[in-house]
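Note sheet for the following structure.
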There are 2 protein chains.
Amino acid sequence: MTGLRERKKRATRDALMTAALRLALERGLENVRVEDIAAAAGVSPRTYNNYFASKYEAITARHTDRVRASVAALRARPPDEPLWDALTEAMVRPWAEHAGTTDTPPSPELLAAIRMLNDEPALRAESVRVAFAVSGELAAAVGERTGIDPGRDPYPSLVAVTAAAAVQAGVAHWLRSDPPVPLVPLLRDCLRALASGLADPTREGDDSWTS
Amino acid sequence: MTGLRERKKRATRDALMTAALRLALERGLENVRVEDIAAAAGVSPRTYNNYFASKYEAITARHTDRVRASVAALRARPPDEPLWDALTEAMVRPWAEHAGTTDTPPSPELLAAIRMLNDEPALRAESVRVAFAVSGELAAAVGERTGIDPGRDPYPSLVAVTAAAAVQAGVAHWLRSDPPVPLVPLLRDCLRALASGLADPTREGDDSWTS
DNA sequence: CGCTGAAATTGCGTGTCCCGCAATTTTTCT
DNA sequence: AGAAAAATTGCGGGACACGCAATTTCAGCG
């Protein structure tokens, strides 16, 4: 039972996020001012900055919320599950829900949004900033799961940051793929390749990319 | 034989970089304005923005130039060298030159600079922005070396972006390490772990971290 | 119900930043 | 030496982020 206060805050935040993303997609990123977003959400420009510290935060908020969800997803996996199984599921899930499966393609608007996030340098910088901030928590979760102290051994941080990077690379490749490739299997491939060694496939003895 | 024009441009760019970093270290990042940097370098504030598009670009320029150097270093490696040997050398070299070896510790000022780059969110964002921009070229270099088209196969991008991430993680761990750990061997360990699979060391069958 | 304290919204002002434009100075080339 | 090209500079505007204080809105209680 949440009070009216909290519900209103969430509604305002959501309205700002939605309006910001919609306007950015309609007009292009540089043709949107903070004033426009605030007006579209029905609040004052000053209130905008009470919710988001920069113009780009609101636009990337949906995406960065998904990233944050990955950490929670990892913590929600059964503790005895092997690390890379749990990590793969946790990283893939936020994308699986929205980006469609093999037979249900992603909505054009979502695709355009993700594309904009990857093409606009300012938005890339913002989302990567959050990704790195979150990677600390992700490393902590990996540390708990493996029993390795992230302060003493770089392994948890290494796993967290490279896994996040692998997802980034996978998404970027997905956006460029022609003909289109289903995202979720691609992400699984990337994470599997990461976990089993990124051996040069032009040399002998590796078959992780032939399946 | 370079003309006067080009030499002067390099000199002013270098003066701006140096002044920006020095002032940021002396006063703290938020207590330095573009006007101050320009004054310290002996140019007008307007000229500053002819060289750097943002206040933070100049401060991170030394570091981002190092990152760019990694790509050139990879391209300079002998073409028949195994991928991960070449990649490790290319990624480590820019750090090896400045961050000291086991017996020659890094200079305190450089350490403070790198620490600031990792602690200040604005500088992190700027350096990561450049890192990702460069990672495209790094992926291209990996593609050439392996003969794999980055547009068709995600492998080159995956290698490039995860290797960059591994270096980031290594540097971050190095900054936190107490007692201090020599950086170069640590980076080599991180890249070797990445290349040979980030298997969970708490499970059996992996010895890459015991050497 | 009405009151009181807490929390959120808002308006205003300020400092900073980034860039377009045109004028001026500096370098290069013949 | 003089013309062309390039860099520097001053000016001005647009936008952004934030501190501060006033106002409005909500929550809890007698």
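Labels below follow one simple rule: chain letters A, B, ... track the order of the sequence lines, proteins then strands, and each chain is numbered from 1.
Taking the charged nitrogens against the carboxylate oxygens, A:Lys9 and A:Glu6 have no contact shorter than 4.0 Å, which rules out a salt bridge. Taking a cutoff of 4.0 Å between a charged side-chain nitrogen and a carboxylate oxygen, A:Glu26 and A:Arg22 qualify as a salt bridge. With salt bridges taken as basic N to acidic carboxylate O contacts below 4.0 Å, one links A:Arg62 and A:Asp14. At a threshold of 4.0 Å, the pair B:Arg68-B:Glu137 does not count as salt-bridged, since none of the basic side-chain nitrogens sits closer than that to a carboxylate oxygen. Ion pairing of A:Asp36 with A:Arg33 is present here, as a side-chain N (NZ or NE/NH1/NH2) and a carboxylate O approach within less than 4.0 Å.
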So A:Thr146 and A:Tyr155, side chain to side chain donor-acceptor pair (under 3.5 Å) or not? Walk me through it.
-> CA-CA 10 Å; A:Thr146 59; A:Tyr155 177 79; over 6 Å; no
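In this structure, A:Leu29 atom CG and D:dC16 atom P are separated by 10 Å, rounded to whole Å. Following rounding to the nearest Å, A:Arg7 (CZ) and C:dA8 (P) show an atom-to-atom distance of 15 Å.
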Please write out the pairs of protein N or O atoms and N or O atoms of nucleotides 23-25 of chain C separated by less than 3.5 Å, giving the distance to one decimal.
none

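Atom CD of B:Glu109 is surrounded by 12 or fewer heavy atoms from other residues, nucleotides or ligands within 6.0 Å.
What you find for B:Trp174 and B:Val181 is that their closest heavy atoms are CD1-O, 2.8 Å.
For residues 47-59 of chain A, proximity to DNA chain C is found at A:Thr47, A:Asn50, A:Tyr51, defined as any non-hydrogen atom under 4.0 angstrom from a strand atom. Within residues 31-46 of chain A, the residues having any heavy atom under 4.0 Å from DNA chain C are, by residue number, A:Val43, A:Ser44, A:Arg46.
Along DNA chain C, the nucleotide closest to A:Lys9 and the one closest to B:Lys8 are compared, and the more 5′ of them pairs with A:Lys9.
With values rounded to the nearest 0.5 angstrom, B:Leu187 atom CG is found 11.5 Å from B:His173 atom NE2.
For A:Arg66 and A:Trp95, the positive end sits near the middle of the six-membered ring, less than 6.0 Å away and at most 45° from its axis.
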